[in-house]
Amino acid sequence: MSEVRVRFPPSPTGYLHIGGARTAIYNWLYAKKHHGKLILRIEDTDADRSTQESIDGIIRGLEWLGIDWDEGPYFQTEFAADHIEKAERLLAEGHAYKCFCTKEELDAKREAAMAAKMQFGYDGTCRDLSAEKVAAHEAAGTPHVVRFKVPRKEGSVAYDDKVLGRIERKYSEIEDFVIVRSNGKPLYLLCNVVDDIRDRISHIIRGQDHMTNTTRQILIYDALGAKIPVFAHMPLTLDLKKAKISKRSHGEIVAVHFYQEHGFLPWALVNFLVLLGWNPGDDREFFSKEELIEAFTLERINKSASIFNYRKDDPKFFTDPKAISINAHYLRTMPVEELSPLVKEELVAAGLWDESYDNEKKEWFKKTLEMIRERFHTLKDFSAEGCAYFSDDFEIDEKALNKNLLKHPELQELLPQLADRFEALPELTAAEAERVAREFAEEKELKVGIPINASRAVITGQIKGPSMFELFEHFGREKVVARLRNAPKYFENS
RNA sequence: GGCCCCUUCGUCUAGUGGUCUAGGACGCCGGCCUCUCACGCCGGUAACACGGGUUCGAGUCCCGUAGGGGUCACCA
């Protein structure tokens with residue numbers, strides 16, 4: 001069996017979006033699984049819309065996701081001569097012809113056909129032009145495009161799609177499409193095939209929106225005498241209104257960088273995306289890289305489009321709830337050693353990082369992550385909700401303030417008293433803290449939850465969090481006492 | 001509109017003619033745990049688009065209808 005070679009060919013006209021990323025992921029998995037190669041090819045022939053910024057963004061996005069490629073990036077524009085040469089060859093061998101119809105004429109015909117409710121395809125005006133007429137047009141300098149000469153015969157062009165099965169399209173339904181513009185520049189349909197042949201691409205895994213291109217491109221492969229690769233058309237990703245997700249109508253939410261900026265773990269995003277239109281055939285939903293590569297097959301890609309379940313303006317779920325839940329799952333189950341550097345990055349960015357967390361407080365830092373991560377959803381939570389764990393400069397959560405503190409005015413006096421008791425202890429352990437706190441509550445005729453939850457508010461700034469007794473020990477006597485004694489200030493301005 | 005593709009819980013999906021009173025996950029609801037919130041565990045809610053066939057038997061096969069999507073550029 002020949003080598004598996006797949007490619008990811010983005011056009012650099014914007015950021016990498018999740019649909020593109022998913023295509024890249026599927027190709028990448030397929031290459032890895034079959035010990036093949038993934039080729040990154042930037043399709044930048046649309047000079048007006050291609051930007052360097054976009055190229056950089058796409059590459060950064062792939063790198064962040066952990067999608068590595070084996071060849072490239074190649075740039076389509078660097079192979080312009082090859083594209084032109086192949087176009088000339090098609091012309092010379094009678095697989096294409098020059099068309100002198102102007103865009104205006106064609107538009108008029110198209111409109112007329114529309115008005116008459118007729119279907120319009122190129123009518124073949126120039127298809128069988130005599131050599132004399134062609135020569136005359138050329139002598140007159142009439143601009144022309146090059147059209148592919150679709151065989152006029154019965155039957156269909158067909159191929160076996162790895163996900164959709166056999167696909168057929170009648171020759172008569174395919175019009176003579178343009179492969180070279182009047183300015184001499186070859187178009188996507190041709191360039192793409194020429195590049196795929198040169199790059200020896202064996203499998204083309206792309207979106208179902210390319211299906212009509214595929215039948216036309218197969219014709220080009222044939223005309224060029226090249227072997228037709230295996231095709232696999234992936235289902236599209238739609239939004240809740242069943243519209244194709246796009247940068248234009250959905251904005252940042254579909255951008256890979258959005259997830260990077262919102263504290264996603266790259267692998268969690270990959271895991272979420274791969275499940276959008278594919279499943280392993282069993283109940284597994286979380287995979288290591290190796291497991292995913294092992295499990296992945298083209299045949300298990302679904303045929304139908306899947307919906308990216310995101311509701312605009314939902315305060316609780318800023319993106320698909322499943323994506324968040326997968327991210328949260330990894331956040332609380334991955335080895336802390338792997339999580340630490342990511343949290344560090346987040347804290348550095350938020351100005352909360354202290355060098356001691358890498359040195360004398362390294363173990364404390366890891367323990368902190370262990371304690372707080374299970375209720376977090378993204379890396380952002382470490383700097384937001386987790387702020388008080390890493391810095392003395394934190395804001396108290398409004399709910400915590402109202403519900404756990406201000407509701408019980410007596411706490412203004414009691415919390416500093418509790419601080420005194422802790423201070424008097426030979427050692428502030430979780431067990432000792434619990435004993436003291438319970439005694440204290442009983443003595444003051446309070447439910448133990450009241451001083452405890454108040455302590456949580458004052459020490460962590462939060463209404464929720466790990467067991468408070470353990471936190472007393474974890475924060476250490478000095479901080480605990482200081483923050484408890486600081487409690488009265490919260491009552492002052494209220 | 002032509003051509004092509006698709007159609008199982010709100011969402012992601014399992015299901016390749018009997019084991020489907022349709023399974024899992026996310027979400028949602030309830031319970032347990034408990035100093036709070038989570039985690040975890042337990043339980044609940046919720047789907048085969050519709051109509052005809054074929055068959056002893058259909059979510060699974062066929063046809064039709066409806067619905068959805070893609071595509072119809074001198075973009076990629």
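Here is the naming used below: chain letters follow the sequence lines, and residue numbers restart at 1 for every chain.
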Protein-proximity profile, nucleotides 31-38 of chain B, B/S/- by nucleotide at the 4.0 Å heavy-atom cutoff, equals ----BBBB
Looking at A/E299, I want to see if its CD is surrounded by more than 12 non-hydrogen atoms of other residues, nucleotides or ligands under 6.0 Å. yes
Cationic tip of A/R284 within the cone over A/F286's six-membered ring, i.e. under 6.0 Å and within 45° of the normal? no
Residue A/E410 excluded, over 12 heavy atoms near CD under 6.0 Å: yes
Using the six-membered ring of A/F422, assess whether NZ or CZ of A/R477 lies under 6.0 Å from its centre and within 45 degrees of the ring axis. no
Residue-phosphate contact under 4.0 Å: A/K242 side-chain N/O, B/rG67 OP1/OP2: no
Considering only B/rU13, B/rC12, B/rC74, which nucleotide approaches the side chain of A/I307 most closely? B/rC12
Measure from NZ or CZ of A/R41 to the centre of the six-membered ring of A/Y74, then state whether that distance is under 6.0 Å and the direction lies within 45° of the axis. no
In terms of relative ring orientation, are A/F318 and A/F258 parallel, tilted or perpendicular, with 30° and 60° separating the classes? tilted
Base, sugar-phosphate, or nothing for A/V145, non-hydrogen atoms under 4.0 angstrom? base
A/K244 vs B/rU71: side-chain N/O to OP1/OP2 distance below 4.0 Å: yes
Closest approach to the side chain of A/L238, judged atom by atom: which nucleotide of B/rG24, B/rC75, B/rG69 is it? B/rG69
Distance alone, cut at 3.5 Å: any donor-acceptor contact between the side chains of A/H83 and A/D195? yes
With rounding to the closest Å, how many angstrom separate the C1' atoms on B/rG18 and B/rG69? 34 Å
In the structure shown, which nucleotide is the Watson-Crick or G-U wobble counterpart of B/rC61, with both distances under 3.5 Å? B/rG53
Base, sugar-phosphate, or nothing for A/N302, non-hydrogen atoms under 4.0 angstrom? sugar-phosphate
Strictly under 4.0 angstrom, non-hydrogen atoms only: write out the protein contact profile of nucleotides 5-10 of chain B, one letter per nucleotide from the 5' end, B, S or -. SSS---
Verify the contact: side-chain N or O of A/T45 to OP1 or OP2 of B/rA76, cut-off strictly under 4.0 Å; return yes or no. yes
Paired with B/rG2: which nucleotide, if any, by Watson-Crick or G-U wobble criteria at under 3.5 Å for both distances? B/rU71
Which residue lies more 5' along RNA chain B, comparing A/K170 with A/L187 via nearest heavy atoms: A/K170
When the aromatic ring centroids of A/F296 and A/Y26 are compared, is their separation below 6.0 Å? yes
P atom, B/rG27 versus B/rC33: distance in rounded Å? 23 Å
Does a side-chain N or O from A/R300 land closer than 4.0 Å to OP1 or OP2 of B/rU16, or not? no
Please give the distance between the C1' atoms of B/rU60 and B/rC37 as a whole number of Å. 45 Å
Please name the nucleotide paired to B/rC28 by Watson-Crick or G-U wobble geometry with both distances under 3.5 Å, or report none. B/rG44
What's the verdict on ring pair (Phe, Tyr, Trp, His ring centres under 6.0 Å) for A/F317 and A/Y310, showing C-alpha distance, side-chain angles and the deciding distance? CA-CA 8 Å; A/F317 300 107; A/Y310 131 81; over 10 Å; no
